[in-house]
Amino acid sequence: MQSRERSTHHENWGNLESRGRINGDSVEVDAPDDKAVSSGLHTRSAHNLSASVLRKKSDPMLVPAVGRFWAPRSVLANVQEVILGTKLAVLFPAIPLAIAADFYKFGRPWIFALSLLGLTPLAERVSFLTEQIAYFTGPTVGGLLNATCGNATELIIAMFALRQNKIHVVKYSLLGSVLSNLLLVLGSSLFFGGLANLKKEQRYDRKQADVNSQLLLLGLLCHLLPLMFRYAPVVTAIAGKEASSAAAMDLYKLQLSRACSIFMLIAYVAYIFFQLKTHRQIFEAQEEEEDEEEEEKAVIGFGSAFSWLVGMTLVIAVLSEYVVGTIEAASSSWGISVSFISVILLPIVGNAAEHAGSIIFALKNKLDISLGVALGSATQISMFVVPLCVMVSWAMGNLMDLDFSLMETGSLAFTVIITTFTLQDGTSHYLKGMILFLCYMVISACFFVQKTPPPSDAFVAAAGFVPSPGGTVAA
């Protein structure tokens, strides 16, 4: 009798599996009229689509191994979807290795390298989990989640750097994210997409590019004005006493930066409302119907997705703290400047999955998705993450402003301008992508040879002196 009940229980479980999916909370049956599932059909942004390219359907190799037991099967089913459901799963071992390296006091450069590798699959999985949650929360909340968590890795690294008062690391890493998206990601996508479609005319919707370009130009203006204050020869009074021009300009530059940050955040909120409500059709990614059919349904439950998202965010926080705490040691050990590591290496490794997805969609002649990834991410960093860091720094009592120094701001200005000119006609070919990519290589070389720390007031006062190759100041 008992064996008969076990057989019946096993058959019922198999029937549930054939009709639905096992989640961490329950078994979901794939009903075609499921409101929760259908509500997420219109929430997929270019960011989500780009990251989905590196996902794979995990083979059910773990679940049968535990037989009929409900709890282990549910947990292992979630592990298969979240951990093994990406082609970057081979990099997950870097996470425990980084934690072990820190616990056993291994070399700090090793901790930095392992943490950087561990952040790569985590960034892609956060995008996957926010997409799963969006299936249950509806398009508006899903869009807000994507807008907030789209660059979670950069934001968390910036927060830890601010806590350790490493403002130059914050500025370098955020600048590098904007440069890599506009030049490296967009340039590579246009270049390889043009080569793969030589006999086709590659076209894209200019409306989305125009909106993002305007926001990027507004962000550039907010960076240029504080920089101009540094070189404005003004003597003024502070608290009723005459002060030097440098001291007065530092104070007013900080105040201007905080005011500009507020306006940038207002502009970003208006951009989100514009994107999700009034002009959603401009930003809806174009996708083939068969691709949409494959991605229509959530693969894990809401509770499971939320729990995984919280857990992975905590792991990202741990690895980000390792990265911020060991970046100087890695720079010294490898003989590479902190500026090069922050501007070039951090954005490339941290967003490798998103970058690869953008290139793959360009190869398929879907430039609207590629542009949505590159321009959308750059806009989010420039108009949301940067001003947010200034406001958080203000609350912490730090002195972060929008003055990214002359060379850094100049690189940003040329990047935004050349990207705007590149996208003005709505067509693309491989030469455009090649030019953008070469611009990124030139900027990378510039930061590679830069061995000095960010300019201080003393360095600015010593005009006429240049840093020698050995790092000392020579006439």
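We count residues from 1, following the sequence as given. Only this structure's heavy atoms are used, side chains among them; waters, hydrogens and symmetry mates stay out.
- The shortest non-hydrogen separation linking P347 to S177 is CG-N, 3.6 Å.
- In this structure the side chain of L155 reaches within 4.5 angstrom of the side chain of M159, judged on heavy atoms.
- The shortest distance between side-chain heavy atoms of Y268 and M264 does not fall below 4.5 Å.
- Annotation: side chain to side chain contact (heavy atoms under 4.5 Å, CB included) contacts of L117 (sequence neighbours excluded): A94.
- Counting only residues at least two apart or on different chains, the salt bridge (Lys or Arg N to Asp or Glu O under 4.0 Å) pairs with a member in residues 323-342 are K166-E328.
- Taking the charged nitrogens against the carboxylate oxygens, D368 and K207 have no contact shorter than 4.0 Å, which rules out a salt bridge.
- For residues 94-122, the pairs satisfying ring-ring contact (aromatic ring centres under 6.0 Å, His included) are F112-W334, with sequence neighbours left out.
- Applying the side chain to side chain donor-acceptor pair (under 3.5 Å) rule to R206 yields no partners; only residues at least two apart in sequence or on another chain are considered.
- Among residue pairs with one or both ends in residues 387-420, those qualifying as ring-ring contact (aromatic ring centres under 6.0 Å, His included) are H223-F404; sequence neighbours excluded.
- Using bins of under 30°, 30° to 60° and over 60° for the plane-to-plane angle, the ring pair F340/F448 lands in the perpendicular bin.
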Would you be so kind as to tabulate the donor-acceptor pairs closer than 3.5 Å made by side chains of residues 308-325, with sequence neighbours excluded?
unit_1, atom_1, unit_2, atom_2, d
T313, OG1, L309, O, 2.7
S320, OG, I316, O, 2.6
E321, OE2, R163, NH2, 2.8
Y322, OH, D102, OD2, 3.4

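- The backbone N or O of L183 lies less than 3.5 Å from no partner atom in the side chain of T419, so there is not a single donor-acceptor pair.
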